[in-house]
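Comments concern the structure below.
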Amino acid sequence: MRTRDAGGCSLLRDEARPYTRTPSLLSERILPLQFEPRDQFEQRQKKLEQIQALGYDPYPREFRWTDTPAALVEQYSQTPGAELETMNKEVRVAGRMVSFRLMGKAGFAHLQGAGKRIQIYVKKDVVGEPGFQLFHLLDLGDSIGVEGHLFRTKTNELSIWVEKIFFLSKALLPLPEKWHGLSDVEVRYRQRYLDLIANAESRQVFVTRARIIQELRRFFDARGYIEVETPMMHPIPGGAAARPFITHHNTLDIDLYLRIAPELYLKRLTVGGFDRVYEINRNFRNEGISTQHNPEFTMLEFYEAYSNYRDLMDMNEQMFRLLAENITGSTTVKYGDAELDFSKMQRLSMREAIGKYWPAGAGQAPTREKLAAPGGAQEATNRYNLWAKGAGAPYAAAKGPLQDGQWTGLLFETMAEDQLVQPTILYDFPTDISPLSKQKPEDPSLTERFEIYVAGMEVANGFSELNDPAEQERRFLKQIAQGGDEAPKQLDADYIRALCHGMPPTAGEGIGIDRLTMLLTDSPSIRDVIFFPLLRPESGESSSEAHRA
RNA sequence: AGGGGCGUAGCUCAGUGGUAGAGCAGCGGCCUUUUAAGCCGAAGGUCGUGGGUUCGAUCCCCACCGCCCCUACCA
């Protein structure tokens with residue numbers, strides 16, 4: 001038998017280190033903190049005492065295993081029982097006990113590890129008296145290790161014939177109910193560890209999330225990008241329009257802002273000669289929470305010198321197709337009731353999209369020329385609103401006076417955004433709502449900017465980066481002058497200074513990793529793809545009790 | 001922030017204007033190939049919290065708390 005231990009540690013090691021500590025008094029094992037269900041909590045602490053009294057270390061330090069439950073199930077799922085007998089495959093396996101059927105002097109249990117479960121069979125005359133006493137004292141949720149060989153039961157289930165049993169760790173609190181699993185969404189989010197134990201699909205979502213990030217890294221690494229990390233605490237929040245979280249540094253006695261975007265720092269790196277950079281990390285926005293918004297969310301942002309937004313669009317099409325294929329096995333991905341086809345992306349300019357999705361009942365759809373003319377977007381919005389109010393559809397409500405480009409953006413969001421179910425590249429955003437994007441040479445009212453929409457969600461935002469410091473300064477000052485909650489309050493002079501040192505023509509983009517994960521895992525809520533989504537802290541006795549101690 | 005929904009045993013859920021039930025988990029007992037194991041027995045609850053109506057409220061009414069959904073906010 002081989003062990004996985006690279007250090008060549010002998011299998012005898014477990015036996016060579018018997019537990020010698022004098023069994024402690026029951027009272028020593030009792031936790032001062034109490035958790036529900038109280039009776040089971042106390043019961044299990046008593047059992048832990050009894051396990052210790054049998055001579056087992058209540059908190060042993062290691063277990064040398066040869067296979068995980070998942071690996072065995074994977075490897076031997078098709079091997080017939082007779083073959084297993086002749087192989088006499090000896091294994092050492094650790095896992096959490098998730099089912100338990102005791103029948104007098106023998107019993108079955110399932111051990112869960114690496115996301116899969118394997119059955120074990122424990123017989124008193126095989127494991128001996130103390131081993132079987134230990135088996136008796138186990139509860140669902142306990143971690144144990146077993147040593148034995150593979151066989152198949154009467155009902156042909158791959159199982160481990162246990163010769164030796166090792167106690168690894170006690171679950172003082174019970175697992176979620178065994179056949180309904182854990183369905184209370186609040187508990188699933190607050191106590192994600194239980195969700196991960198009880199719900200294989202939930203575990204799979206997070207495994208997939210990790211694979212998505214891995215694939216993205218591979219994609220960019222292969223293209224000569226360098227992964228970097230830039231500050232998350234900013235003296236001046238910038239790079240997006242959002243309200244920031246404020247924090248304070250004591251020694252410097254200054255307020256700092258949790259970043260709302262890494263954009264301005266990544267572009268400083270482009271100035272510094274890092275021509276291809278990406279960063280995958282958190283942004284923080286002090287705004288609402290919804291199925292598509294978590295106050296902290298993960299963004300991939302990348303910058304590529306000497307390219308423009310058209311290059312990025314092509315690259316994105318390729319990247320999304322590749323991701324869908326490598327992650328789900330197909331370019332067609334089920335999301336809710338929709339079948340998302342990532343084999344190609346429709347491309348529409350924002351003004352085209354308004355024309356295309358203009359409701360039939362609202363009269364003549366505005367032409368691109370009409371939308372481009374001064375006042376045209378506002379006029380179209382008014383006509384749309386008139387229809388929407390009659391039809392009971394959402395209408396566009398402007399807070400305060402808007403510029404032409406802002407009307408265009410508002411109209412698009414109101415009427416077209418959630419209709420973009422199939423992967424769509426929406427391009428040519430108004431300059432008025434794109435302060436960091438380069439203008440189109442033939443039409444300064446528009447910028448070389450695009451966003452990718454899938455299932456009505458914005459998942460990416462990219463553009464040819466504005467690298468003219470004079471124009472950038474004008475745009476910043478205009479934003480500040482316009483005011484509003486989300487507008488920057490302060491000019492980032494160092495960013496302008498960096499641009500003055502010369503930034504090559506560059507294209508950059510941000511991709512929302514959480515939303516991308518939602519799409520590729522068919523998750524309806526962003527909370528399903530974030531381990532610990534922000535929730536209101538638990539109130540009431542149990543938590544305050546827990547924090548007091 | 002507004003609208004809707006939910007909150008009953010540890011878990012999943014029934015239920016009624018007369019102070020509550022099932023299955024699973026837990027506890028005691030029997031059982032050496034079970035898998036939602038089975039059988040016998042005992043236990044488990046401030047019916048989210050606080051007020052009101054009522055002779056009497058878990059149920060009806062009001063407020064609050066928590067979660068979910070929709071809307072709003074959201075580059």
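Throughout, protein chains are lettered first and strands after them, A, B, ... in sequence-line order, and every chain is numbered starting at 1. Side chains are part of it too, since the values below use all heavy atoms of this structure and drop only hydrogens, waters and symmetry mates.
- Spacing between B:A20 and B:U58 at atom P, rounded to whole Å, works out to 10 Å.
- The listed nucleotides are B:A25, B:A75, B:U33; the one nearest the side chain of A:Phe108 is B:U33.
- Among the nucleotides B:C73, B:G26, B:A75, the one closest to the side chain of A:Leu436 is B:A75.
- Figure legend. B:C67 is base-paired to B:G5; pairs are counted as Watson-Crick or G-U wobble with both atom distances under 3.5 Å.
- The number of heavy atoms from other shown groups lying within 6.0 Å of CZ (A:Arg192) is above 12.
- Each of A:Arg449, A:Glu448, A:Arg475 was compared with A:Ser434 under the side-chain hydrogen bond (donor to acceptor under 3.5 Å, both in side chains) criterion, and only A:Arg449 meets it.
- Considering only side-chain atoms of A:Trp161, the nucleotide from B:A75, B:U33, B:U34 that sits closest is B:U33.
- In this structure, the nucleotide among B:U33, B:A72, B:C31 sitting nearest to the side chain of A:Ser290 is B:A72.
- Between A:Arg44 and the phosphate of B:A25, there is no side-chain N or O to OP1/OP2 separation shorter than 4.0 Å.
- Distance CZ (A:Phe412) to C1' (B:A75): 12 Å, rounded to an integer number of Å.
- The same atom, P, is picked in B:U53 and in B:C11; the two are 34 Å apart, to the nearest Å.
- For A:Lys123 and B:U32, a side-chain-to-base donor-acceptor distance below 3.5 Å is present, hydrogens and geometry of angles not being considered.
- The distance between atom CD of A:Glu413 and atom P of B:U71, rounded to the nearest whole Å, is 14 Å.
- Look at CD on A:Gln292: it is 13 Å from P on B:A75, rounded to the nearest Å.
- The separation between A:Glu417 atom CD and B:A72 atom P is 10 Å, rounded to whole Å.
- Judged by Watson-Crick or G-U wobble contacts below 3.5 Å, the nucleotide B:C59 has no partner.
- Atom OH in A:Tyr189 sits roughly 18 Å away from atom P in B:G66 (whole-Å rounding).
- Relative orientation of the A:Phe151 and A:Trp161 rings is perpendicular, given thresholds of 30° and 60° on the angle between their planes.
- If you check every strand for non-hydrogen atoms under 4.0 Å, A:Gln40 touches a base.
- Side-chain to base pairing of A:Gln119 with B:U34: one donor and one acceptor N or O lie within less than 3.5 Å of each other.
- Across B:A14 and B:C59, the matching C1' atoms stand 14 Å from one another, rounded to whole Å.
- Remark: B:C31 base-pairs with no nucleotide; criterion is Watson-Crick or G-U wobble with both hydrogen-bond distances under 3.5 Å.
- Contact annotation: A:Thr291 side-chain N/O to B:C70 OP1/OP2 distance is under 4.0 Å.
- Exactly one residue among A:Lys47, A:Lys170, A:Arg96 makes a salt bridge (Lys or Arg N to Asp or Glu O under 4.0 Å) with A:Asp142. That residue is A:Lys170.
- Within the cation-pi definition used here (under 6.0 Å to the ring centroid, within 45° of the axis), A:Arg347 does not qualify as a partner of A:Phe450.
- One interatomic measurement links the two molecules: CD1 of A:Ile197 to P of B:C11, which rounds to 16 Å at whole-angstrom precision.
- Enclosure of atom OH in A:Tyr335 by more than 12 non-hydrogen atoms of other residues, nucleotides or ligands within 6.0 angstrom is indicated.
- For the C1' atom pair drawn from B:U16 and B:G21, the interatomic distance equals 11 Å after rounding to whole Å.
- B:C24 and B:C39: their P atoms are spaced 8 Å apart (whole Å).
- Checking B:U33, B:C69, B:A75 against the side-chain heavy atoms of A:Ser525 singles out B:C69 as nearest.
- The number of heavy atoms from other shown groups lying within 6.0 Å of NZ (A:Lys440) is above 12.
- Of all nucleotides listed (B:A72, B:G26, B:A75), B:G26 comes nearest to the side chain of A:Gln43.
- Among the heavy atoms of the strands, none lies under 4.0 Å from A:Phe463.
- Judged as a side-chain contact (heavy atoms from CB on, under 4.5 Å), and not counting sequence neighbours, the contacts of A:Thr79 are A:Tyr76, A:Glu83, A:Leu84, A:Met87.
- For the pair A:Arg152 and A:Glu85, the salt-bridge criterion is not met [side-chain N within less than 4.0 Å of a carboxylate O].
- The residue A:Ala242 sits apart from the nucleic acid: no heavy atom pair falls under 4.0 Å.
- Here, B:A9 and B:G44 have their P atoms 15 Å apart, quoted to the whole Å.
- Here B:A72 presents its C1' atom at 14 Å from CD1 of A:Ile289, a figure rounded to the nearest Å.
- With both pairing distances under 3.5 Å, B:A22 is matched to B:U12 as a Watson-Crick or G-U wobble pair.
- Nucleotide B:C47: unpaired (no Watson-Crick or G-U wobble partner with both distances less than 3.5 Å).
- At B:C68, one or more side-chain N or O atoms of A:Arg527 fall inside 4.0 Å of OP1 or OP2 (strictly under the cut-off).
- With a glycosidic angle no further than 90° from 0, B:U19 counts as syn.
- Comparing B:U34, B:A25, B:A75 against the side chain of A:Pro174 picks out B:A25 as the nearest.
- For the pair A:Lys46 and B:C27, the criterion of a side-chain N or O lying under 4.0 Å from OP1 or OP2 is not met.
- One C1' atom belongs to B:G48, the other to B:A43, and the distance between them is 25 Å to the nearest Å.
- A residue-by-residue look at A:Leu138 and A:Ala106 shows that A:Leu138 has its nearest nucleotide of RNA chain B further toward the 5' end.
- When the nucleotides B:U34, B:A75, B:U32 are ranked by their closest atom to the side chain of A:Glu157, B:U34 comes out on top.
- A:Glu263 comes within 4.0 angstrom of no nucleic acid atom, judged by non-hydrogen atoms across all strands.
- Within 4.0 Å of A:Leu173, counting heavy atoms only, lies no atom of the nucleic acid at all.
- Separation of the C1' atoms belonging to B:G3 and B:U46 is 32 Å when rounded to the nearest angstrom.
- Distance A:His136 NE2 to B:G28 C1': 13 Å, rounded to the nearest Å.
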